Novice: 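Mind looking over this structure? Questions follow.
The chains referred to below are lettered A, B, ... by the order of the sequence lines, with proteins before strands, and numbering in each begins at 1. The basis for the numbers below is simple: all heavy atoms, side chains too, and nothing from hydrogens, waters or symmetry mates. From a predicted model like this one, the values you see are computed outputs, not experimental measurements.
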There are 2 protein chains.
Amino acid sequence: MGGAAVTRPDRRITLIDVARAAGVSRQTVSNAINAPDLLRPDTLTHVRAVISRLGYQPDRGARSLRTRQSRLIGYCVPPPDPDRLGWVLDEFLHSVADAARGADYHLVVFTPESASGELDTYATMLQTGCADGFLLTDIARHDRRPGWLQRRGVPFVSYGRLSPRVGKAWVDVDGASGVAKAVDHLTGLGHRRIAFLGWPEGHRLGDDRAGGWRSAMAAHGLDAGDREYTEDTISAAARAADRLLDLPDRPTAVIAASDSMAVGTYHAARNRGLAPGRDLSVVGFDDTPSAALVTPALTTVSQPLRDAARLLVEMLVARLAGEPLKRRAVLLDPVLVVRDSTVSPPG
Amino acid sequence: MGGAAVTRPDRRITLIDVARAAGVSRQTVSNAINAPDLLRPDTLTHVRAVISRLGYQPDRGARSLRTRQSRLIGYCVPPPDPDRLGWVLDEFLHSVADAARGADYHLVVFTPESASGELDTYATMLQTGCADGFLLTDIARHDRRPGWLQRRGVPFVSYGRLSPRVGKAWVDVDGASGVAKAVDHLTGLGHRRIAFLGWPEGHRLGDDRAGGWRSAMAAHGLDAGDREYTEDTISAAARAADRLLDLPDRPTAVIAASDSMAVGTYHAARNRGLAPGRDLSVVGFDDTPSAALVTPALTTVSQPLRDAARLLVEMLVARLAGEPLKRRAVLLDPVLVVRDSTVSPPG
DNA sequence: GCGTCCAGCACGCACAGCACC
DNA sequence: TGGTGCTGTGCGTGCTGGACG
């Protein structure tokens, strides 16, 4: 019998223990937690004192069985891609987990069972009571998840805008505004030929950012002719940036739709003997951890991740509680972080 | 009444439904899932067929209430530090979540309630049945978590070695071997003066990596005199690298104990007009996503994250099941990823 | 007695409805 | 009466002990 009882630290404290110690019934203790306004103030104070004295914590299993809720938020982590800059998962996750705890929720991360059956995984998570609602990120062009969840009435929120047809609760960064800030910054430095390197048209995020560039250029009376669209990888961006630098009247600055593409632009510039941050100004988007580390340190548009996380959790929790949303679609204004990759145009 | 019943997609399928459909008792269905060897083969086949036909999934809440287990693995995400390179959280989390699902576990990420009361958070997670065991990373010098968990008999595993006193189940990267590979690589290029930039002594990881450098240098008949120890941030590393480059007979290569410190070395070199990857070779450790992006692309020691994650989950699941561990402490051999920051010494 | 399978109970909680002042 | 607090019940499982052949 030498083995320690690993799974049983000590007997759990239950509602009944608290009730006995406080001299009230189970239900009164339950109400003290879930419906405090049903108790007389002095009873409430007394029960609460006993609760904290005994260190009582409601059991999730039992509560979940009774209420049919897990108080768990599901988040399917996107698979890492070596040719894309690491996402800002670190800070985002931290912020989300923090906000969730504030609402007495927890965050469950999971991966799809198979590439094809991602939706099945969401179904399983729901059926087994492993999540009450979901947090979505990296919404793709024809993403099936929002519509699927919407049809089933499953609460979810998205970091990334949604078409009204498939969902109403989302938070996103105002890409147009972010890129416009980059244009303002560059014109302030004296640039007139500012190119844009974006994603293929039809991508919501990409179109948003490209639109911001176009209108900001127009606002400054500049021509928005120099642009290339390509997929969001370093290597593809380098090829696209090459085409921009091949233009007869070469741009003096490039705004990229992501940090990955900005790094690709660095490569293209160096390949023809141009020094980014001296001969060519470059602006990125996302402020990934790498942005501050590359040489020259990258000027980039930073997403307000903490605010986004807080809002997303707030919205999801409201949906889970069946409450109406105060704000359904929130566009956050990003900040331009100026580093060393943007300087006055040469000459 | 127009509002849809958001929380109730449709009535759940329970053990009883399956039992009725299969013409057996609840318990037999339960056994088909948890103790298949108690059933006659034909009964088992039949029941299993009905289970998959109805798409039955055991309810986590009920199961958790009965078994006193959540089938949840807790992971406290370390707070992001802007002056340190983003951790490799992305890939690690993905791998862990993947491995956990294979064992019918899920991963709950959480943050400490307060900086001081991290242990309280672990206690709460346990008490509320929000985790059965924990995954630890970033073990600090005098980390209180392993001992605390150990004393309470809480199952946990650590990514990062543990002193036998506070825990026996861990997986770690063989830092000494990784650094030795870096030394071999550099001597192969013709370097003789290879400095080491590490963490203050007493840090297990740091000592491990420093030891690898010392013994590899000795094996090559080289002097292991050039070393600096400092904290793991870019700025501190830059100052320490400065001191190395101030040495009368300047090293031609620097091996840093982390990618952050390698980037700090880049800065220090450039400040005195030395080009890393030409005048000075630099090797990092960790292969963070930024390593491939900095200029020159950083040669670095890569952690086998997938293997680590798989092993960690395997060990934790075994501990949770009360089974003996096949392997308690596993040292994984890292791989040197050669990029552009290491070249033959100048001259 | 052995191999299968089944009925009753308890896990800890929250809801409905009743009792009290 | 209305504000408070209490008792009975069931959520879906898995364990214990018993029944059947």
Novice: What is the distance, rounded to the nearest whole Å, between atom CD of Gln69(A) and atom P of dA14(C)?
Specialist: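 Atom CD in Gln69(A) sits about 11 Å away from atom P in dA14(C).
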
Novice: Kindly state each residue pair satisfying side chain to side chain donor-acceptor pair (under 3.5 Å) with at least one member in residues 304-314 of chain A, sequence neighbours excluded.
Specialist: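 Listed once each, the pairs are Glu91(A)-Arg306(A), Asp307(A)-Arg310(A).
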
Novice: Output every pair passing ring-ring contact (aromatic ring centres under 6.0 Å, His included) with a member in residues 18-59 of chain A, not counting sequence neighbours, ordered by first then second residue.
Specialist: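 The answer is none; no pair qualifies.
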
Novice: Within this structure, what is the NE2-to-P distance between His46(A) and dT4(D), rounded to whole angstrom?
Specialist: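 After rounding, the gap between these two atoms is 17 Å.
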
Novice: Starting at the 5' end of nucleotides 1-11 of chain C, put B wherever the base has a protein heavy atom under 4.0 Å, S where only the sugar-phosphate does, and a dash everywhere else.
Specialist: ---SSBBBBBB

Novice: Between Arg63(A) (side chain only) and Arg68(A) (backbone N and O only), is there a donor and an acceptor less than 3.5 Å apart?
Specialist: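 Here the side-chain-to-backbone pair does not exist.
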
Novice: Suppose we screen for side-chain hydrogen bond (donor to acceptor under 3.5 Å, both in side chains). Which residues come up paired with Glu118(A), at least two apart in sequence or across chains?
Specialist: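 Partners of Glu118(A) by the side-chain hydrogen bond (donor to acceptor under 3.5 Å, both in side chains) criterion come out as none, since no residue qualifies.
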
Novice: Restricting both atoms to N or O, compile the protein contacts to nucleotides 18-21 of chain D shorter than 3.5 Å, with distance only.
Specialist:
none

Novice: Nearest whole Å is fine: how far is dC15(D) C1' from Arg63(B) CZ?
Specialist: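 The answer, rounded to whole Å, is 14 Å.
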
Novice: Which salt bridge (charged side-chain N to carboxylate O under 4.0 Å, His left out) pairs, counting each pair once, include a residue from residues 29-55 of chain A, with sequence neighbours left out?
Specialist: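 As it turns out, the salt bridge (charged side-chain N to carboxylate O under 4.0 Å, His left out) pairs with a partner in residues 29-55 of chain A, which skip direct neighbours, are Arg40(A)-Asp42(A).
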
Novice: Taking only residues two or more places apart in sequence, or in another chain, which ones meet Thr128(A) in a side chain to side chain contact (heavy atoms under 4.5 Å, CB included)?
Specialist: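 So Thr128(A) forms a side chain to side chain contact (heavy atoms under 4.5 Å, CB included) with Thr124(A), Cys130(A), Gln57(B), Arg60(B).
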
Novice: Quickly work out the Ile33(B) CD1 to dC15(D) C1' distance and round it to whole Å.
Specialist: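 Value for this atom pair: 15 Å.
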
Novice: Please give the angle, rounded to 10 degrees, between the axes at the start and the end of the helix from dC2(C)-dG21(D) to dC21(C)-dG2(D), where five pairs define each axis.
Specialist: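 Inter-axis angle at the ends, rounded: 60°.
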
Novice: Would you mind reading off the distance between Asp59(B) atom CG and dC13(C) atom C1', rounded to a whole angstrom?
Specialist: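 Those two atoms, CG and C1', are 14 Å apart.
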
Novice: Please list, chain by chain and in numerical order, all residues satisfying side-chain hydrogen bond (donor to acceptor under 3.5 Å, both in side chains) with Asp172(A), sequence neighbours excluded.
Specialist: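 Residues passing side-chain hydrogen bond (donor to acceptor under 3.5 Å, both in side chains) with Asp172(A): Arg161(A).
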
Novice: Mind checking side chain to side chain contact (heavy atoms under 4.5 Å, CB included) for Leu38(A) and listing every partner two or more places apart, or none if nothing turns up?
Specialist: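 Per chain and number, Leu38(A) pairs via side chain to side chain contact (heavy atoms under 4.5 Å, CB included) with Asn31(A), Ala35(A).
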
Novice: Could you tell me which residues satisfy side-chain hydrogen bond (donor to acceptor under 3.5 Å, both in side chains) with Ser163(B), sequence neighbours excluded, listed by chain and number?
Specialist: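 By the side-chain hydrogen bond (donor to acceptor under 3.5 Å, both in side chains) rule, Ser163(B) matches no residue at all.
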
Novice: Rounding to a whole Å, what distance do you find between Arg60(B):CZ and dG12(C):C1'?
Specialist: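 Rounded to whole Å, this separation is 18 Å.
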
Novice: Quick one: Asp17(B) CG to dG12(D) P, roughly how many Å, whole number?
Specialist: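 Atom CG in Asp17(B) sits about 9 Å away from atom P in dG12(D).
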
Novice: Please identify which of these residues, Phe134(B), Trp170(B), Phe92(B), meets the ring pair (Phe, Tyr, Trp, His ring centres under 6.0 Å) condition with Tyr159(B).
Specialist: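 Going through the options one by one, the only one that passes is Phe92(B).
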
Novice: Could you state the atom-to-atom distance from CD1 of Ile13(B) to C1' of dG12(D) in whole Å?
Specialist: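 My rounded result for the distance is 14 Å.
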
Novice: Please confirm whether the shortest side-chain N or O distance from Thr67(B) to OP1 or OP2 of dG14(D) is below 4.0 Å.
Specialist: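 Checking Thr67(B) against dG14(D): no side-chain N or O falls below 4.0 Å of OP1 or OP2.
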
Novice: Check side-chain hydrogen bond (donor to acceptor under 3.5 Å, both in side chains) between Asp120(B) and all other residues, then give those that pass, not counting sequence neighbours.
Specialist: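 None.
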
